[in-house]
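So the structure is just underneath, and the comments pick up after that.
When reading the values below, keep in mind they use all heavy atoms of this one structure, side chains included, and skip hydrogens, waters and symmetry mates. These numbers come from a predicted model, not from an experiment.
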Amino acid sequence: MTARRKHPIKATIPPGPAASARALVRAPLRFVAAWTARISLGILAAYLALIVLYDVLDPPTTFTMWSEKQRLGKLDQEWTDFEDIAPVMARSVVAAEDANFCTHWGFDMGAIRQAIDKGANRGASTLSQQVTKNVFLWQGRSWLRKALEALLTPAVEAVWTKRRILEVYLNVAEFGEGVFGVNAAAFHYFRTTPAKLTPRQAALLAAVLPDPKDRNAARPSRYVSKRANQIADGAATIKADGRADCFSR
């Protein structure tokens with residue numbers, strides 16, 4: 001009878017102090033990482049839900065409008081549907097801020113490359129990016145805000161039509177201190193309604209957008225007046241060459 005070979009019993013060596021310390025560190029790190037991922041996904045899901053919601057409902061306010069109301073005590077803003085805004089106003093804003101609005105998917109790569117080459121801080125931000133920042137985020141140049149803007153802008157482009165993006169922009173953009181949206185701007189500067197804006201008035205309103213607190217559409221400086229002339233020409237150009245077709249009626 002052949003004797004069975006006995007396998008040696010392996011002794012279990014308890015972990016040393018260094019291994020125990022690493023285990024104690026890894027456990028809370030894994031916990032924090034898991035909850036960070038869950039919170040990040042929850043925030044992203046909330047943003048996506050708002051994007052879908054605001055495709056059919058008008059945003060009630062923005063962070064900039066809220067903060068300005070706290071500072072000033074009141075704001076002048078009233079929503080106006082796209083159909084009640086003069087078409088030349090929409091074309092003027094596109095010509096001034098984002099001439100390739102109808103041809104890009106949220107980011108104008110050509111403008112971005114030009115801005116990088118020139119070392120410019122302004123000029124590469126599309127209307128889609130500005131709407132995303134104004135409606136869902138906050139002002140500022142932090143990397144977090146820029147990262148969220150980069151994530152959310154394609155979602156806005158995917159869910160909203162170009163016309164909806166422009167409609168929201170025209171209603172939340174700042175045109176002066178405490179003056180938000182084209183309705184308030186049309187009355188504040190020209191005592192008229194968005195539907196009755198002339199090409200010159202529309203171009204002047206678009207010209208104040210880069211610096212609304214220091215520019216005045218009713219009493220334009222020489223620079224603002226010259227810029228308005230350029231915008232008026234640009235608005236006529238994009239109408240003629242088809243770059244306004246995606247939002248024209």
Side-chain angles (χ1 to χ4, degrees), residues 51-59 62 77-112 114 123-135 152-175 179-187 189-190 192-210 212 217 224 227-249:
I51 290 171
V52 173
L53 183 66
Y54 288 163
D55 185 38
V56 293
L57 297 179
D58 302 330
T62 67
Q77 195 258 356
E78 183 178 339
W79 192 274
T80 303
D81 292 335
F82 194 81
E83 293 76 12
D84 298 322
I85 300 172
V88 71
M89 183 68 226
R91 291 195 298 270
S92 296
V93 166
V94 171
E97 296 290 298
D98 186 5
N100 295 320
F101 177 62
C102 285
T103 62
H104 64 64
W105 51 275
F107 303 97
D108 189 339
M109 303 310 296
I112 290 173
Q114 289 179 12
S125 182
T126 65
L127 285 173
S128 305
Q129 290 174 269
Q130 293 182 50
V131 164
T132 299
K133 177 182 68 176
N134 290 341
V135 175
L152 297 178
T153 297
V156 170
E157 278 274 345
V159 176
W160 297 4
T161 63
K162 292 286 189 177
R163 188 164 169 170
R164 178 59 173 170
I165 292 171
L166 190 52
E167 178 184 41
V168 173
Y169 179 86
L170 286 166
N171 279 283
V172 302
E174 185 179 14
F175 287 89
V179 180
F180 286 84
V182 66
N183 189 304
F187 184 79
Y189 289 115
F190 305 118
T192 189
T193 63
K196 295 180 180 179
L197 286 167
T198 66
R200 177 63 178 174
Q201 290 170 339
L204 284 167
L205 289 179
V208 307
L209 287 170
V224 171
R227 177 62 181 146
N229 291 337
Q230 296 170 342
I231 291 171
D233 290 342
T237 298
I238 65 170
K239 180 183 180 181
D241 66 18
R243 282 182 292 167
D245 289 352
C246 69
F247 59 86
S248 297
R249 59 181 189 269

Task: Which atom of Ser92 lies closest to which atom of Ala206, heavy atoms considered - done: O-CB, 3.7 Å

Task: Expected output: side-chain Asn183 to main-chain Thr80 donor-acceptor under 3.5 Å - done: no

Open item on the list: If the condition is side-chain contact (heavy atoms from CB on, under 4.5 Å), which residues does Ala155 pass it with, not counting sequence neighbours?
Closed with: Leu48, Ile51

Open item on the list: I'd like to know if the side chain of Thr126 and the backbone of Gly106 have a donor-acceptor N/O pair within less than 3.5 Å.
Closed with: yes

TODO: Would you please name every residue forming a salt bridge (charged side-chain N to carboxylate O under 4.0 Å, His left out) with Arg164, sequence neighbours left out?
DONE: Asp58, Glu167

TODO: Check Glu174 against Phe180 and note the closest heavy-atom contact, atom names and distance.
DONE: CB-CE2, 3.6 Å

- [ ] Output all residues satisfying salt bridge (charged side-chain N to carboxylate O under 4.0 Å, His left out) with Lys239, sequence neighbours left out; order by chain, then residue number.
- [x] none

Task: Shortest non-hydrogen contact between Phe247 and Phe82, atoms and distance - done: O-CE2, 3.4 Å

Open item on the list: Minimum heavy-atom separation for Lys162 and His104, please, with both atom names.
Closed with: NZ-O, 2.8 Å

Task: Test item: Phe187 and Glu78 side chains (from C-beta on) under 4.5 Å apart, heavy atoms - done: no

Task: Any Leu209 side-chain heavy atom under 4.5 Å of Phe175 side chain - done: yes

Open item on the list: I want to check something: taking the side chain as every heavy atom from C-beta on, are Phe101 and Ile238 in contact at a cut-off of under 4.5 Å?
Closed with: no

- [ ] Starting at CG of Leu170, measure out to CD1 of Ile85 and round the result to the nearest 0.5 Å.
- [x] 4.5 Å

TODO: Under the side-chain contact (heavy atoms from CB on, under 4.5 Å) rule, collect the residues that match up with Thr103, sequence neighbours excluded.
DONE: Asn100

TODO: Would you mind reporting whether Val94 and Arg91 have side-chain heavy atoms less than 4.5 Å apart?
DONE: no

Task: Partners passing salt bridge (charged side-chain N to carboxylate O under 4.0 Å, His left out) against Asp55 (at least two apart in sequence or in another chain) - done: none

Open item on the list: Looking at every non-hydrogen atom in both residues, tell me the closest pair between Leu204 and Ala217 and how far apart they are.
Closed with: CD1-O, 3.5 Å

- [ ] Apply the test side chain to side chain contact (heavy atoms under 4.5 Å, CB included) to residues Val182 and Val93: give CA-CA distance (whole Å), side-chain angles for both, the deciding distance (0.1 Å), then the verdict.
- [x] CA-CA 11 Å; Val182 66; Val93 166; over 6 Å; no

Task: Atom of Val168, atom of Trp79 and distance for their closest heavy-atom approach - done: CA-CH2, 3.9 Å

Open item on the list: Any heavy-atom pair between the side chains of Asp98 and Gln130 that's under 4.5 Å?
Closed with: no

Task: Asn229 and Arg200, any side-chain heavy atoms less than 4.5 Å apart - done: yes

Open item on the list: Among residues at least two apart in sequence or on other chains, which ones pass salt bridge (charged side-chain N to carboxylate O under 4.0 Å, His left out) with Asp81?
Closed with: none

Task: Side-chain touch Thr198/Phe190, heavy atoms, less than 4.5 angstrom - done: no

TODO: Give, for atom CG of Leu127 and atom CG of Leu166, the distance between the pair rounded to the nearest 0.5 Å.
DONE: 6.5 Å

Task: Euclidean distance, Leu152 CG relative to Lys133 NZ, rounded to 0.5 Å - done: 13.5 Å

Open item on the list: I'd like to check Glu157 versus Ile165 (side-chain heavy atoms, cut-off strictly below 4.5 Å). Are they in contact?
Closed with: yes

